[in-house]
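Please read the structure below before turning to the comments.
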Amino acid sequence: MSNKEVKAALKSAREAIKNKEFKEALKHCKTVLKLEKNNYNAWVFIGLAASELEQPDQSQSAYKKAVELEPDQLLAWQGLANLYEKTDQWDFKVDLPNVYQKLVELYASSDRNKCYEVIKKLSDIYLSDKEYLKLAKVWLQLIHLKEEQAVDKKELLQLWRQMTQQFSDCLNEEEQDSEVTQHVRFTLMWTLLHLMFLCLPQEKAKMKEACEAMLSVYPTQSYPLEVLCSHYLKTDILNEDAVSCFSRLQDLAPNNGLGHLGLGTIALREGRYEDAIKDLGQGLKKMSCSTGWYSLAEAQFKMHRYSESATSCSQGMFSLLYISINDLTTVPDAEKDPVLVALKGRAYLNKGQIDQALKFSTSSITLLALPLGSFLKAASQSPDCGEYHFLLGRLYWDMGEETRKDRSKVHTHLLKAAKLDPHLGCVFRYLGHYYREVAKDCGRARGCYKKAFDLNSEDAESGAASVDISMEQDDMDTALETLQSVTVKATPGSAKWAWIRRGLYYLKVGEHQQAIADLQAALRADPEDWVCWECLGEAYLNRRSFTAALKAFGKAHQLQPSSIYSVYQAAAIKQTLGRHKEAIAEYLQITAQQDYVPALKGLGECQLSLAKSLMEDCRDGGAVDLLQQAIQNLFRAVELRPDLSCLWKLLGDACTAVSIVSPNRANILVPAPLAGFSPNTQSHMLNQAQTLKVGERCYAHALKLMSEVPSLWYDLGLNFYRQACLSGTAEGDWSSQSLLLEKAQQCLKKAIMLGSENHSYWNALGVISMNKGLENFALAQHCFIKSIQVESNNVVAWTNLGALYFKRDNIELAHEAFKIAQSLEPLYVNCWIGQALIAERVGSYDTMDLFRHTTELSTHMEGVKGYAYWVCSTLLDKSNRDSELYRYNIVQMNAISAAQVALSKYTERIQSDPDAFVMLGYLNEHLQLKRQALQAYQRYRWEEAAQVYNSTPLQELSDLGGLALAYCRAGLIPESISAYERALAVASNEKEKAYILTALAMLQQQQGNLDSAKTLLFKCSMLKEPIPESLLCLCALGLVHRDVTLAAAALSELLKQGSASASVVEQQCLLTCTLLALQGNYSAVQREASRAVHSNPGNPSLWALLSRVVPQYYPRKANGGAVAGHVACLSSMTQGKRALLYSGVNQLASGRHSREDTKRNALKTIVNLPLLSDDPATWAGLMAACHTENTSCYLSGSVPSRQCLEQILMSVVSEKERPLAQALEGWVLQQAVTGLMLGGQLEQAEALCTQVLNVSAEHPAVMLSLRQVQCQRLLLANDDTVLPDSALEQLNNAVIMNPSNIGAWHWLAEVYRSQGLLVQAVMAYRQSLQLSSQLGLHNSQVASLLRLALLALKPCMVRNDWKDLVLEATTEVLKLGTCPVALLFQALLQYETKMAARETRRLLERLVYVYSQDFPVTVVQVASWYLLKHLHTKDDQELLNVLLQHAKMNGDQRLLEFHSLLASSIS
């Protein structure tokens, strides 16, 4: 339950109690307690309600629970007292005094009147129960409260007399020797003594005698001494008797405050200020006394502890007054009083005239004359007052630099002040300032600061200066001792200067945890100190607490946004944590303000790291962009600091990293000076080789600055190696490659000479020595072994050693080396690739599994290609499809998808490998990615493949088949046919001949030779072993050319072959559905697809096919089609994305929009298709979904939120240069124009049509859209517009130019109807009906018939000659299937012709009292209105009541309102 709900429930309970509804209040309270069992108010309300309901036990429990929760709240105690007072139970009476006592404590600080009332009740109880001791305590408590309230003495005397009388009566009732009697007697004596103290203060001798007498009787009681001590303090009599009295009281009662106050006051009089402060402080802790606070303030003032003195004065109800100059001038003879003269000088300082003098140096002497004269006069009149000399010295100090250097002014007066008043700490502080800043004597300055700090431990300035000088003089022990003394005594939130200095000390010596604790303590004193936050961030950073450091630097930046250091450190931490994108954003924030070299360096490093991570995932495009940005930023840093070797090294790294990406992508825009061009020119675009050359020059610059750094020689050697690898790919460039390899080798040798202990240097030299240009295998082996000796856990060196042995065909040693590397680092992919290559070499079954494991570890080019090769090889071998190995390696491990994804990355990186493109195309075919497969095949160099095949003897069938396929892929169809004919001659069996004949038939079909293709396919089907592919081709050929007989025969033969693979089943289902659609049997299309899905529920392609055919051939089942598409999406990553589009189209067909279903609607489904963004059909579907949403908004009267999208989406579809896009172009234009017209943007719609016609003047669909827009504008210009015959003729011609556009005929019929040309409208509708029948469009037939019936229904209400047309149209609709709208039209026709007939009521009731969801709500409502009118006319109250009751059950409020209107009109 939320806090608001709890408050609401408590409010309800309070209202219930107010209204005397106590049971209801209990319910509300219990509701609160169920969820918040410790709610104080709820328990109090329960106690009150239970008390009123005469449930005392429950009430007591509730009140006590509340008391336990909040013991210092009044409500529960008051309720408990009221309960006990009105309930006559002995246990309640026993507990009542305790409750009263608690109320006295609570009322004492809030309401004294109620407190006195409760004390009166409590005293009555104790008196009646003869609890005299408790009664005495209550009386004393009452008198103490009255004294604190400062009531009149007469009232106090009256109370003392009442108390005395009451206890005198008690003595007569008790036994004389009882313990109670003794206590009562003492109380009486105590009372009489107090009365004497109040009434006879002048009778000092009598009071002293009385006290001594009482002490002799009660020697352990301290009250007589307390009376005497109070008397001495109030009368300010501090003689020997007073000292004796104070000492005796302290001995008798060490914790008594009066004794300490007295001794402290005496110490003050004697000048022992430290003892006075100590004793007075202890005494005031025990009891508050105005004279005691005054004495303490005076002692502190004498010790120059002004802030403490001011605090003591405020505690003693005194106020320190700020003296003004005007007030002092009114005092008579003020000039003669040195104290007043000094105060006048202070007043001038308080007026701020010193600051004004410093601002205006020309008038400084004039402005300072007033306070200076006052202090000089005061010092001359009181030469022994050290404070006046200090103020003079401080004034001279504040007057400026020249006055400070005059020893006769500042230095002289400060020294005099120090001699006259050695307790004045501020004098020594300013002396320290003088010695440090003027005399430059740090030793004396340190001594003065230490003296000032010893005198006043709260002088932070002196303490800080003393510590700072000690640290400057390397006396860390003294500094730390001073800081320790302050921090030990410091309270939370104080001594910031000490905490921060000690924190910085610990930070300097490396004790980070202690530094953090001290800096946190400093921040408690000042949470807004951004410098302290930065120091804390440094401490966290040194402790490696990166998250805490980030927060600290973030807080510092928040407090001081102009501080670049905080932003830089936060960015550096994020860089360390690997959050490079966030670090880049913060580095850019810094570099936008200024060219800060560390930020530019960090920015370049982050961009380089991000680029490398992208390259690991083969995202080379983004990596190249980042490398270019890194080079630009690092060059900015180099321009500012060309003397930094690290910047040149980073520039070299960024340029060398380009070697990893594909040469086609490695085009880098480099600053002109860095590229070796004139600085005045713009940046230059460099290729991969040129960029590597720039990297070489950068490393050379770094080596000029630091020639003995081995890592720079190592980096330069790797750069030369990368250049050699790149030059080796160019033909005929072996000499330059050898030269570069030799340079690389020399650089690595230099690096090893400077740092032979680095294993990476040895390893790199070994790799270079193995290269094809050198092939010094002995040196390579030596280097790898040395690398392993330097670092035994060296997985890279072991792997390279294994590669060396493998290259030298030493399989056993290679296997051992790879095995050791695997044991050292199981996640290092290269050693696994080595083992996979060995397994491939020896023919192991684990080869494919090993290559698959390499692709799971990371994307390595060798591992990817190896895995793809083995996947394709396994797929090509169709004989092993039922083996366990195939099911595991291919099916269970999802090998096709994994290999396709990995190989896609491979081909993006290596674009010169034709084998990879062939394998990628083959894998895409298996994944039904036909378009991607075509693109991959097209990137293969088929002409070169044909040349290679022609260079062979061409005697084998495989060679001839490969040559034919190469010619076909290259577009050389005649040459491909010739090669297949040669292959047919060498075919050894009928199966091979069948495949070749099928291929020849497909080529003949591509050439347009239909008869030759049929002949070849028939010949193939006549073989003893016909293959299903030939029958599929024959069936497809018949369907394409609309030869139903041929297609049916081929399909029949295909189905006779029995079960087939999943892909063949899908093809058979597609062909069957196409054949049924060609025959006009549309309902059977959906049934055939559903049957295939039920037979093969695990085939996602069949689910996608079902979702595809439903909206086109059986749209009434569109909801099921949407579900089928969703199932296909969940079942397959490839088919599923396309099925999502089908699902969206089904939702469009069923009219499902966001206002009807916010979660499952066409727009939301189609928007989730990012992988098909290059498909124009997706954009067309999105356009239709947006149009549906806008239409629903228009119908509901709201403003559409997706306007102005028509032209954008239309341009996107037009950009797709594919046949599908051309077919969609007309539809998309019509959709865009319709959307603009619907939004009332007729001018934009006409301009769009005109724009398209300027490009394609003879486009019929565009011309039709233009005519529709123009007609709409004419009709909207005037409601009574009559279109001329010429205009109608143009509209008719435009529609005729689009003969298959059924919607155009509907639109033309509506134009005719608006012009009153009903006969022409009927003819237009009949034309659309005929066209729908020819095209076999069921929905269009129904739409045409219903529009025709509606057209005839309106004049039928006036003329009867249209009745037959309505009946004819609706009857035809009902023959096609159930149609609620047709039934409604028939009922309305019956209503207009025979309104009172029984048949009218029957037809309307059939529509009203229907429970099928297929009946639209609008149809039911319209039928209900007419039935209501019919029943009102018949005055059938019984049926009227039934109808109205039905309306109430279904929430038809409009029908009820209509009934009210009809009833009122009749009455």
Side-chain angles (χ1 to χ4, degrees), residues 1191 1230 1233-1234 1237-1238 1242 1245 1260-1261 1263-1335 1337-1376 1379 1381-1393 1418-1419 1422:
T1191 304
Q1230 195 172 13
V1233 171
T1234 304
M1237 292 174 64
L1238 189 62
L1242 298 179
M1263 184 62 68
L1264 174 62
S1265 299
L1266 179 61
R1267 294 288 180 254
Q1268 288 176 333
V1269 175
Q1270 292 172 343
C1271 178
Q1272 184 74 8
R1273 295 188 68 180
L1274 287 174
L1275 293 175
L1276 290 177
N1278 191 347
D1279 294 339
D1280 300 330
T1281 300
V1282 177
L1283 297 177
D1285 293 339
S1286 59
L1288 291 174
E1289 185 65 24
Q1290 289 181 357
L1291 297 179
N1292 188 51
N1293 292 335
V1295 173
I1296 292 174
M1297 290 172 62
N1298 295 270
S1300 61
N1301 193 334
I1302 299 172
W1305 288 105
H1306 290 173
W1307 169 78
L1308 182 61
E1310 285 299 311
V1311 173
Y1312 283 140
R1313 184 198 60 78
S1314 66
Q1315 298 296 306
L1317 304 175
L1318 299 184
V1319 176
Q1320 288 85 339
V1322 171
M1323 296 302 296
Y1325 279 132
R1326 289 191 180 278
Q1327 184 67 30
S1328 69
L1329 179 60
Q1330 181 180 356
L1331 181 61
S1332 302
S1333 301
Q1334 291 175 357
L1335 297 176
L1337 301 176
H1338 174 271
N1339 283 353
S1340 299
Q1341 293 181 41
V1342 173
S1344 299
L1345 288 170
L1346 288 176
R1347 287 174 178 268
L1348 185 59
L1350 182 61
L1351 175 68
L1353 186 61
K1354 293 180 180 178
C1356 182
M1357 297 178 181
V1358 182
R1359 297 165 50 190
N1360 292 328
D1361 52 349
W1362 292 86
K1363 176 181 177 182
D1364 295 337
L1365 183 57
V1366 176
L1367 290 175
E1368 177 188 355
T1370 53
T1371 303
E1372 289 298 324
V1373 171
L1374 293 173
K1375 286 181 180 179
L1376 295 174
C1379 182
V1381 179
L1383 295 175
L1384 176 63
F1385 287 170
Q1386 289 184 354
L1388 295 180
L1389 177 64
Q1390 179 69 18
Y1391 180 88
E1392 290 298 327
T1393 55
T1418 305
V1419 172
V1422 172

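These values consider heavy atoms only, across backbone and side chains, with no hydrogens, waters or symmetry-generated copies.
With contacts defined as side-chain heavy-atom distances shorter than 4.5 Å, the pair Gln1341/Glu1372 does not qualify. Side-chain atoms of Leu1350 and Val1381, non-hydrogen and from C-beta on, never get closer than 4.5 Å to each other. Residues Tyr1312 and Leu1288 are in side-chain contact: their nearest non-hydrogen atoms beyond the backbone lie under 4.5 Å apart. Within the 4.5 Å cutoff, no side-chain heavy atoms of Ile1302 are placed close to those of Trp1307. Taking 4.5 Å as the limit, every side-chain heavy atom of Asn1301 sits out of range of all side-chain heavy atoms of Leu1331. Gln1386 has its side chain within reach of Thr1371: a pair of non-hydrogen atoms, C-beta onward, lies under 4.5 Å apart.
Here the straight-line distance linking atom CD of Gln1327 with atom CE of Met1323 works out to 8.0 Å at 0.5 Å rounding. Distance check, rounded to the nearest 0.5 Å: SG of Cys1271 to CD of Glu1310 gives 11.5 Å. Annotation: the span from Leu1367 atom CG to Gln1390 atom CD amounts to 9.0 Å, rounded to 0.5 Å. Put simply, CG on Asp1285 and CG on Leu1317 are 8.5 Å apart, with the number rounded to the nearest 0.5 Å. In this structure, Leu1353 CG and Leu1346 CG are separated by 11.5 Å, a value rounded to the nearest 0.5 Å. Separation of atoms CG (Leu1351) and CG (Leu1318) is listed at 5.5 Å; rounding is to 0.5 Å.
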Original post:
Is there a side chain to side chain contact (heavy atoms under 4.5 Å, CB included) between Leu1365 and Leu1348 once you walk through the steps?
Top reply: CA-CA 8 Å; Leu1365 183 57; Leu1348 185 59; 4.0 Å; yes
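Contact between Cys1379 and Val1373 at its shortest, heavy atoms only, is CB-CG1, 3.5 Å. Here the closest heavy-atom approach between residue Ser1332 and residue Ser1344 is recorded as OG-OG, 4.0 Å. In terms of heavy-atom proximity, Thr1370 sits nearest to Phe1385 at CG2-CB, 3.8 Å.
With hydrogens and angles disregarded, a donor-acceptor distance shorter than 3.5 Å links the side chain of Asn1293 to the backbone of Glu1289.
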